[in-house]
Structures are given as C-alpha cells and as structure tokens.
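Note that the numbering runs from 1 along the sequence shown for the chain. What you see below is based on every heavy atom in this structure, not just the backbone, and it leaves out hydrogens, waters and symmetry mates. This one's a predicted model, so the numbers in the text were calculated from it and none came from an experiment.
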Amino acid sequence: MCSSDLPLGDMLVGLGADVHPPLFFLLARLLPPDPAWQRLPGVIFALASTVALDRLYLGASGGAGPDVLRGPRGARSSVPDRAGPETLAVSPASSGPGAPSSHPRAGSAADPDLRWRTLLLWALSPALLLYAPMARSYSLQVLLVLLAVAGLFRLQRGENGWALALAGLVPLAWTHYLPTLAIGSVALLRGNKQVRIATAIALVSLAPWAPEARDALTLWWQRAGGYLVSGNPIFEHVPRLGWWALTFTVGESSPGDALFGLVLALPFVLLAALRGSWRRPELPLVLLVALVGYVGVARWSSYPFVPARMLFLLPFFVIAVARGLGRTGTAALALLQLVAVGAWIDGSLLNRGYATPHREMAAAITPCDRLIVDTANSDDTALRRYLPPGCDVLAVADDASADAALAVVNGAPFWYWRNTHDVTDGVHARLETALSAEHVSQATLFGPYSGPERLLIDRKSTRLNSSHLVISYA
C-alpha cells in the first residue's frame, strides 16, 4: 500500500533494493490506495485459483478426469512416471502391480465425492482465508503456479500446454522469485525438452530485471534466516516446519482457547496427506519443489513467515488431504476449520502478529507530545497512522538511536512503545532500564492473546513478537 503511493520511478528503485519483482506492485498502482481496494486483487486471485483448481485438477465436468497415463489423443504416454496435473486428485494411485482394485475407494478415479471434498477443504482453508485478503501477492502466486504446473505437465506428456505453462510461468517470474526458482529448477532437472524450453522462456523474460534479481539472490545468500525462536539454527527447523504444517492444516488464527485442541488434530491430517499422496507418481516432483522452496524460505525468513511464502503449495496439500480422508474424515476436518476461521480475535481472521491492537495502543498514548518507538522489533507504520497530529516520534533500532533518544527525553512527560520480544543484543532492555531509573513509569501490556496463551508470556523470556508494552514516563 505504501509503495503504491510512491512515484513510479521511486517505487521501482525501492523494489530493486528489495527482494520483490515489480508485477504485483504495478497492478496495485492501478487501484486507489485505500486498504479495501488494495486487498481486492488478492480476493479475486483466490477465487480464480478456485476455478483453476476445479477445472484443471479436479475434473470440473463432473467426470473422473483423464487418465494420468494418457498421452496425446488418448494414447499411452511414453513417460508413464509423469503425472498429469488435472488428475493429481482424481487419477488412480498407481498402475501395474499393486494397482487399486476395481471397486471405488477414497482418492481413486471412481471416487465421485473427491472433487467436492477437495473444494470443501479448499474453501474453508484457514491459510487461504488468512492470506488471500492481504495486500500481498500470495493468492496471485497460487493462481500462477496452478496454471504453470498444469501447462508443464501437459508438455511433459507431449500435449499442447504452451499457453497454460507460459501464462503461469512468465508472470510468476515477475511476481516472486521463490516459486519461480522452486518450480523452474525441478522443471529443468526433471522435465523433457518442451518443459525446459518453456521454463527457459520464463526465466529469460526476466532479463530486463536481471540486475535487481541478481542483487536479490545476493541478499538471500548473505541472509542468516532471521531471528531464531529456538536459539539454534538446526533446531529452528522444528518450529518452522511445525508452524507451516499447523497453518496449512487448521490455521494460525484460531482462538487461543481452542488452538491447543486443534493442534491435536495435526498428526491425523498429516497422516491423511501422506496416505493420499503415497505411491503417487507426482509425489517426488512435489516433494522436490517443496524442498527447494523450503530451503529458500528457511534461509530468508523466521518461522512465522514460512507458511505465507510456501502458500503456492497449498492446493496440492489440500488435494492430498482430501484424497487421504474419506467422507467422515473430511467432515470432521471441515468442522475444525470452521472453528479455526471463527477467529474470535477482534472479530477478524488474523493471526497474532496481524492482530496487534495498534488503534487501542495509539488511543492509550495520550496526550502524545513525544514517543519513543521500537523499530528494531516492530513495524510502527500502522501505529503512526492512529497517532494524533504533532506527536514527536523517536525511532530506536540500535544503541546510537537509543542514546539519542535518552538525550532528548529530559523533563517533559513522554511515552515508550516497544515489543516484548527483542531481537537485538538488549538495546531496548537497556533503554527501558535507563529510562525507568530517571522517571516514574507505568506500563500497560497490549496483545491479542487469550487467557491460556498469556500464561506463556513472560517479559523476561518470551520470544513471542506480537505483544507490546506502552509505557508512560513522568
């Protein structure tokens, strides 16, 4: 939203210094900078993704969908170990010895309810409903990946999938590097000549943005992976993978009182996904894409941001779960998802970070003559929108800016807004100690946490980064 307000040249320069290709931001400039308008494209792309999922992958005509092994004009393919995307959900699990028997079973081509089970879980997916309305490119990535994978699989079978493949891959390359490189690397490694040519065309199309893409890859290579909630780079994969699985399964925005119960369903859903994808011919390819994508995001982002970056794999996860669950299992999971999307956090479908009560905190900071803000651990953009005019804001991110703030705040009353989680080497802990030694203080804790979750919050040890302290000094 902020970038759409900038002049075009300044926006492109800013994106060049960041890690984002410009397509989504150029689309955002076509709309008014109002939050509702900026969120509208994400919703539209999510609806379009639903149509693409249904028509390209689930046999939208009502039939079981084409045979996974078919080739051009219905002939047997010369590459029988390649799966067709429009049959990822509805084709037989295998062929030859060990193939499923002739009677219908969950997940087989003769399973008439699979399409509707998949669409039900997709429509109620807490991850989709959380990230689609954001003014980000998440749902656009999902749509483009669905198109690209469908086209690439058709090319792999020797069919004409050029339009789908290029309609997905080329704009995907201009939207986000991660899914482009994840799918592109696997396509170049495992694809036939047509698949490799289509992938190469998409990568070459990014040539005008090549210097910026090179700089983004350099930043990624130099990145340390963000803060570590576990404190150990090896153990950190546990919360990263766990949070990813939780978000894709029952969501990260459910009420805190119900979250612990919902987590108990996680192993059963993951087992259903395993059952639904086991021995599938497309499974190795999906796992390779997931592995490349996870390596990319794990080096760049801390655990809360893994699900959003990997959202482009959500359709394939939902298909696997729907295939692994029968009618009863799907109904039970759908009920859990309904609980999750209830999200009784200020009546909004938001996870803890996005539900930070900026409006309430700004209302508490009154009168606001001078305010110190913690910009090392929080983005103060939303808070500033609600502050009264004339409030002098001092940003503190390191020792130098902390010393400067200490030199300014002498005499008159002032406020201090800080995150309870400090990723610095103690800058804000030292600053709060120094301020409290010279002034009378009163702190108020703000956070979107329920009673059980508050038991986990300890200002001295917590690593949760969604609670904030508003401290008044006199």
Legend entry - Residue W209 excluded, over 12 heavy atoms near CH2 under 6.0 Å: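 Enclosed: over 12 neighbouring heavy atoms sit under 6.0 Å from CH2 of W209.
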Inset, instruction - Return yes when atom CZ of R196 has more than 12 non-hydrogen atoms of other residues, nucleotides or ligands closer than 6.0 Å, and no otherwise. - result: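 More than 12 within 6.0 Å, yes.
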Inset, instruction - Please check if any side-chain donor atom of Y294 sits under 3.5 Å from a side-chain acceptor atom of H237, or the reverse. - result: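 Judged by distance alone, the side chains do pair up.
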Inset, instruction - Would you please say whether a donor-acceptor pair under 3.5 Å links the side chains of D380 and T375? - result: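 Per modelled atom types, D380 and T375 side chains form no pair under 3.5 Å.
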I need the single residue from [options] that forms a side-chain contact (heavy atoms from CB on, under 4.5 Å) with [X]. Which is it?
X	options	answer
L23	L172, T175, V170	T175
F312	V289, T180, L143	V289
P171	L144, L166, L27	L144

With distance as the sole test, does [X] use its side chain to make a donor-acceptor pair with the main-chain N or O of [Y] at under 3.5 Å?
X	Y	result
S185	A182	yes
Q194	G158	no
R299	W221	yes
R117	A322	yes
R275	G324	yes
N377	N419	no

Legend entry - Geometric cation-pi criterion R309 and W300, 6.0 Å radius, 45° cone: no
Inset, instruction - Carefully, step by step, assess V321 and L270 under the rule side-chain contact (heavy atoms from CB on, under 4.5 Å). - result: CA-CA 8 Å; V321 172; L270 295 181; over 6 Å; no
Legend entry - Aromatic centroids of H176 and F24 separated by under 6.0 Å: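 Aromatic pair excluded; centres sit 6.0 Å or further apart.
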Point-to-point distance, once rounded to the nearest 0.5 Å, from [atom1] of [X] to [atom2] of [Y]:
X	Y	atom1	atom2	answer
R280	L287	CZ	CG	13.0 Å
L314	Q141	CG	CD	12.5 Å
L53	R115	CG	CZ	10.0 Å

Inset, instruction - Please work out whether the ring planes of Y131 and Y138 are parallel, tilted or perpendicular, with thresholds of 30° and 60°. - result: perpendicular
Inset, instruction - Using the six-membered ring wherever Trp is involved, compare the ring planes of Y57 and F316 and label them parallel, tilted or perpendicular (cut-offs 30° and 60°). - result: perpendicular
Legend entry - Derivation and outcome, side-chain contact (heavy atoms from CB on, under 4.5 Å), residues L169 and I201: CA-CA 9 Å; L169 283 175; I201 291 173; over 6 Å; no
